[in-house]
S.K.: 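Once you've had a glance at the structure underneath, I'll fire off some questions.
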Amino acid sequence: MAPYEALYGRQCRSLVGWFEPREARLLVTNLVLHALEKVKLIQERICTTQSRQKSYADRRVRDVIFMEGDKVFLRVLPMKGMMRFGKKGKLSPRFIRPFEVLDGVGEVTCMLSLPPSLSGVHPVFHDSVL
């Protein structure tokens, strides 16, 4: 007879009192194994998702090297394009006219020859915006 039952004359309603100590060990072992299986399943799904996202990102990667004298279009964000480069017509510009590459400053940056009207814009740009 369980101590609760001896004291109150009825069985305990909480989950703790429903099992004998020997049964609880088996349940804990099963719960741990079940949790480990779930963790492995979650890890596999995360790996699948990461590989899918990596394949999407790899499609956008361009191995482009700009040399001195090349002409490139400068891509601008809509808000910055309106503020810095001026709005032309009803639509804000996505690309600005071609500019000449003066020098490769680093592995992924280029210096462009900008006209005097764009003197407030820094002339060095990352390759991703060209």
Side-chain angles (χ1 to χ4, degrees):
M1 183 178 278
Y4 186 89
E5 192 175 344
L7 183 61
Y8 294 105
R10 60 182 174 88
Q11 287 188 346
C12 179
R13 291 185 184 176
S14 81
L15 296 175
V16 176
W18 286 1
F19 307 105
E20 293 296 323
R22 292 182 301 277
E23 295 174 358
R25 285 191 194 125
L26 293 175
L27 285 175
V28 169
T29 306
N30 290 339
L31 289 175
V32 169
L33 291 175
H34 185 66
L36 289 176
E37 290 173 1
K38 290 290 186 183
V39 167
K40 286 182 184 179
L41 178 67
I42 291 169
Q43 286 175 342
E44 289 173 2
R45 289 182 179 172
I46 288 174
C47 184
T48 304
T49 304
Q50 285 176 342
S51 66
R52 184 181 308 122
Q53 290 174 348
K54 185 178 180 335
S55 69
Y56 292 152
D58 288 345
R59 289 183 200 160
R60 296 193 65 196
V61 172
R62 299 178 298 159
D63 294 331
V64 179
I65 298 173
F66 297 109
M67 305 300 287
E68 243 179 86
D70 288 348
K71 298 275 187 174
V72 294
F73 280 97
L74 180 62
R75 183 174 62 198
V76 293
L77 297 173
M79 197 63 191
K80 288 184 181 177
M82 287 171 51
M83 292 180 352
R84 292 188 186 148
F85 302 107
K87 187 174 179 181
K88 294 183 176 82
K90 289 186 178 180
L91 301 175
S92 60
R94 182 157 307 180
F95 292 96
I96 301 178
R97 64 176 184 250
F99 297 105
E100 185 178 349
V101 176
L102 293 179
D103 187 23
V105 177
E107 293 181 10
V108 292
T109 54
C110 295
M111 181 179 285
L112 302 180
S113 64
L114 299 176
S117 62
L118 297 177
S119 62
V121 179
H122 196 275
V124 178
F125 294 94
H126 193 269
D127 286 348
S128 64
V129 296
L130 301 177

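Along the sequence shown, residues carry numbers from 1. In this text the structure is predicted, and so the values were computed from the model without any measurement. Only this structure's heavy atoms are used, side chains among them; waters, hydrogens and symmetry mates stay out.
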S.K.: Going by side-chain heavy atoms closer than 4.5 Å, which hydrophobic residues are tied to Val39, directly or by a chain of links?
M.R.: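 None; Val39 is a cluster of one.
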
S.K.: Specify the closest pair of heavy atoms between Lys71 and Pro98, including all atoms of both residues, with the distance to one decimal.
M.R.: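 Closest approach of Lys71 to Pro98, heavy atoms only: CB-CB, 4.3 Å.
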
S.K.: Considering residues at least two apart in sequence or located in another chain, which fulfil the side-chain contact (heavy atoms from CB on, under 4.5 Å) criterion with Pro115?
M.R.: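 So Pro115 forms a side-chain contact (heavy atoms from CB on, under 4.5 Å) with Arg97, Phe99, Ser117, Leu118.
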
S.K.: Taking side-chain contact (heavy atoms from CB on, under 4.5 Å) as the definition, give me every residue that meets it alongside Glu68, ordered by chain and number, with sequence neighbours left out.
M.R.: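 Glu68 satisfies side-chain contact (heavy atoms from CB on, under 4.5 Å) with Asp103 once adjacent residues are dropped.
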
S.K.: Taking side-chain hydrogen bond (donor to acceptor under 3.5 Å, both in side chains) as the cut-off, I'd like each qualifying pair that reaches into residues 44-55, sequence neighbours left out, listed once.
M.R.: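 Sorted result for residues 44-55: Lys54-Asp58.
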
S.K.: Any chance you could pull the hydrophobic cluster mates of Val108, using side-chain heavy atoms under 4.5 angstrom and chaining through other members?
M.R.: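 Taking Ile, Leu, Val, Met, Phe, Trp and Tyr as members, Val108 stands alone, with no cluster partners.
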
S.K.: With clusters built from Ile, Leu, Val, Met, Phe, Trp and Tyr whose side-chain heavy atoms come within less than 4.5 Å, directly or transitively, what are the remaining members of the cluster of Tyr56, listed by chain and number?
M.R.: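 Other cluster members: none.
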
S.K.: Other than Ile65, what residues sit in its cluster of Ile, Leu, Val, Met, Phe, Trp and Tyr side chains whose heavy atoms are under 4.5 Å apart, directly or through others?
M.R.: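 Met67, all in the cluster of Ile65.
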
S.K.: Where is the tightest heavy-atom contact between Asp127 and Cys110, given as atom of each residue plus distance?
M.R.: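 Scanning both residues, the minimum pair turns out to be OD1-SG, 3.4 Å.
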
S.K.: With sequence neighbours left out, what residues match Val124 under side-chain contact (heavy atoms from CB on, under 4.5 Å)?
M.R.: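 Once residues adjacent in sequence are excluded, the partners of Val124 under the side-chain contact (heavy atoms from CB on, under 4.5 Å) criterion are Val105, Thr109, Met111, His122.
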
S.K.: Is any side-chain heavy atom of Leu112 closer than 4.5 Å to a side-chain heavy atom of Val101?
M.R.: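 The answer is yes; the side chains approach within 4.5 Å.
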
S.K.: Hydrophobic clustering (ILVMFWY, side-chain heavy atoms < 4.5 Å, transitive) - are Leu74 and Leu102 grouped together?
M.R.: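 Cluster IDs for Leu102 and Leu74 differ.
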
